[in-house]
Protein chains: 2
Amino acid sequence: MRIVLDAMGTDRHPGVEVQGAVQALRELPGDFTLILVGDRERIELELRKAGDLPAGRLEIVAASQIVAPSDPPATVLRRKPDSSIIVGLTLQKKQEADAFISAGSTGAVMAASLFLLGPLPSVDRPGVATVLPTAASPMLLIDAGANVDCKPGQLIQFARLAAVYAQDVLGRSNPRIGLLNIGEEPGKGNEVAVETYQRLQESNLNFIGNIEGRDIIRGACDVLVADGFVGNVLLKFYESVASFMYGLVDKELSAAGLSIDMDRIFRMFDWTEYGGAPLLGVDGISIICHGGSPPRAVRNAIRVAVQAVESRMVGHIKQEIQENRSADIDPVSSTTRHQTTSSAGSVKEKA
Amino acid sequence: MRIVLDAMGTDRHPGVEVQGAVQALRELPGDFTLILVGDRERIELELRKAGDLPAGRLEIVAASQIVAPSDPPATVLRRKPDSSIIVGLTLQKKQEADAFISAGSTGAVMAASLFLLGPLPSVDRPGVATVLPTAASPMLLIDAGANVDCKPGQLIQFARLAAVYAQDVLGRSNPRIGLLNIGEEPGKGNEVAVETYQRLQESNLNFIGNIEGRDIIRGACDVLVADGFVGNVLLKFYESVASFMYGLVDKELSAAGLSIDMDRIFRMFDWTEYGGAPLLGVDGISIICHGGSPPRAVRNAIRVAVQAVESRMVGHIKQEIQENRSADIDPVSSTTRHQTTSSAGSVKEKA
């Protein structure tokens, strides 16, 4: 298995990427090779600092350009063909690698992944899934901001994409699907939410109903389906409020001369544990990390990529989407409703 | 000034309401009389427990019915005409009172307020504003869940309603208006957000641009404008995550035998400080409190009601909406754009 790591994506590239790669090779199980893409000399310099490594499990592929945050995502393929993002994804496109990880410009990684890997057949729009910490198990939010103004069929596809990921990578059997909404009852919410509720209810997914903002922290479901607009607001707010509260308590404790293991208490809110956000629905594996990722986040993104490849996630997604194509995309008619019922449980059965 | 308090709204009515009323009469400045509406005997019993009160500043108006959470809001007027919500709001409708406060069913209070007080002229939809704690000053979020699928004109009216409230009740001069969105740049977000951004930019409001989820906690604006769907998700999530984190740290401190003043640290997240959520855009004052409100939240809602009456908030809102009617509701044409510019600053000038 060959995992490509864009070495030029984080705010402190390529040092952070190299350190994350080294941690992954030393600590993670699995028979994988890492391919670092970027400025060969700088990568080699960082590697020398890192010391000994398992032989033959790390390669460098040179890329002379770096995508800047200011580069419009749609122009990157044309204007920066030798960037680490394009070179890295091309390796996967040419089947010389199995997965791609980048902490570079989210928009550019999405656009290039969509163009180079392509969407899976019958996938309307790929979605970005991201892990939200909860008091119970982490919850997978889809979509985290790639798609706004989603239609019900898109949201239902998101549920399927994330359900397979939750099974294959997070190890959830029969993942509980929740719809982010503003009340419990079926008729609640905006037009899209009302229709999506009904169609999820009729689907073969393990839909457990509407999830309100207040239900998230207790981990009320495994997969939380939302339009990318509200998903993005929620995600960014969550990250900021957790770190703000950490600061608030930490400051107070220091002032009082007291000490408790704050990092342990707040570990659940530490997104570096969860290893990046997969772009689901493309014909390949593309994982997007924060630009501010520390080495540990890169290491964990590699862990996630390895799991996704090992579990054959993309194949499972392809099958799941294909089997439910007519029910998800077409308006519900009595015929499609019947088909949905008779083919029920393709996700459930895998559990 | 006469403030009506629904005595039957909280989960522990009428005890909580009576205690809140008593606190308000003892502690708050201002020349106001409270009218408690509900079960006369039970209210009197609670009042006897409360001890001496300033003479002549508390009245009871009997209401024999209570609105249950299960009562469909639209049916309350017809089926529960002698409920504390209907009787209380009718006092304001008949100009026998200046404001109404209830911790009863939010939907019922909204529906009855809209029906009995009526919307202000040219107000498309009233909105619910609510205070979000931040590291700086509290931020006013509008809409908190009353309206989903909002059009740009509605969002701009929400901005006006909340701007007046922020000035008159929260004491903000020239309130900074932000649009909740998923990126900083003007073209970001869904269709509604993109158009709303442009029209807010062209308006006479003090619009400071898009506010992302991560900008909220630092208090990046005074008034945060959002569709009620995302507003409600955000609000409920915020309340739950703050209380969850409080519990997390508190438990850890107790286990370690340590003690810091948690209530002081987390006071900013204590919604009881902020006194309920006003329904803005109706021809009167209607303030909605949590069903789980303690006496202090009721007391603070009374404080807010008194401030709204004293500052003549409803008159200011009426004027603000009237003056900007054409710019807010009609599609922007060169003529209306010119009018907007020439009448610029009706909110700013009040500052």
Side-chain angles (χ1 to χ4, degrees), chain A residues 107 132-135 144-145 147-150 180-183 188-194 211-218 226-253 255-256 258-262 264-266 268-269, chain B residues 107 132 134-135 144-150 180-183 188-194 211-218 226-253 255-256 258-262 264-266 268-269:
Chain A
L132 300 181
T134 81
N147 304 278
V148 296
D149 290 317
C150 292
L180 188 58
N181 207 333
I182 64 168
K188 287 283 179 177
N190 54 25
E191 278 183 34
V192 169
V194 171
I211 301 293
E212 295 187 76
R214 67 164 67 96
D215 304 322
I216 295 170
I217 196 73
R218 65 180 171 85
D227 179 277
F229 190 93
V230 58
N232 186 271
V233 166
L234 180 69
L235 173 65
K236 287 179 178 163
F237 178 70
Y238 196 176
E239 288 173 354
S240 66
V241 83
S243 97
F244 174 75
M245 289 194 181
Y246 178 103
L248 207 63
V249 177
D250 198 42
K251 192 176 140 196
E252 191 71 18
L253 285 168
L258 299 175
S259 163
I260 57 174
D261 190 347
M262 286 286 289
R264 190 177 60 75
I265 307 176
F266 278 82
M268 61 166 280
F269 298 111
Chain B
L132 300 181
T134 80
N147 305 278
V148 296
D149 290 316
C150 292
L180 188 58
N181 207 332
I182 64 169
K188 287 282 179 177
N190 53 25
E191 277 182 36
V192 170
V194 171
I211 301 292
E212 295 186 75
R214 66 165 68 96
D215 304 322
I216 295 170
I217 196 73
R218 65 180 171 86
D227 179 279
F229 191 92
V230 57
N232 185 273
V233 165
L234 180 69
L235 173 65
K236 286 179 178 163
F237 178 70
Y238 196 176
E239 288 173 353
S240 67
V241 82
S243 97
F244 175 75
M245 289 196 181
Y246 178 103
L248 207 63
V249 177
D250 198 42
K251 192 175 140 198
E252 190 72 17
L253 285 168
L258 300 174
S259 163
I260 57 174
D261 191 346
M262 286 286 289
R264 191 177 59 74
I265 308 176
F266 278 82
M268 62 166 281
F269 298 110

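Numbers restart at 1 for each chain; the letters A, B, ... are given by sequence-line order, proteins then strands.
- Proximity of B:Asp227 to A:Val230: side-chain heavy atoms (C-beta onward) are nowhere separated by under 4.5 Å.
- Side chains of B:Met245 and A:Phe266 form a contact here, defined as non-hydrogen atoms less than 4.5 Å apart.
- Each of B:Glu212, B:Arg264, B:Arg214 has some count of heavy-atom pairs under 4.5 Å with chain A, and the biggest count is that of B:Arg214.
- The parts of B:Asn181 that come within reach of chain A are both its backbone and its side chain, each placing non-hydrogen atoms under 4.5 angstrom from that chain.
- Contacts between B:Arg218 and chain A at a heavy-atom distance below 4.5 Å are absent for every atom of the residue.
- Contacts of A:Ile265 with chain B are made by both backbone and side-chain atoms, with heavy-atom separations under 4.5 Å.
- Note on A:Leu253, A:Asn190, A:Asp149: by heavy-atom pairs under 4.5 Å with chain B, the leading option is A:Asn190.
- For B:Glu191, the parts lying near chain A are the backbone and the side chain together; criterion is any non-hydrogen pair under 4.5 Å.
- Counting all heavy atoms, side chain and backbone alike, B:Ser240 lies closest to A:Gly213 at OG-O, 3.8 Å.
- For B:Ala135, the side chain to side chain contact (heavy atoms under 4.5 Å, CB included) test picks out A:Phe244, with sequence neighbours left out.
- In plain terms, the two heavy atoms of A:Val148 and B:Gly189 that are nearest each other are CG2-O, 3.6 Å.
- Heavy atoms closer than 4.5 Å to chain A are found in both the backbone and the side chain of B:Ile182.
- At a threshold of 4.5 Å between non-hydrogen side-chain atoms, the residues B:Leu248 and A:Phe269 count as touching.
- In this structure, chain A has heavy atoms under 4.5 Å from both the backbone and the side chain of B:Ala242.
- Counting heavy-atom pairs closer than 4.5 Å to chain A, the top residue among B:Asn147, B:Ile211, B:Ile216 is B:Ile216.
- Remark: A:Lys188 pairs with no residue by the salt bridge (charged side-chain N to carboxylate O under 4.0 Å, His left out) rule, at least two apart or across chains.
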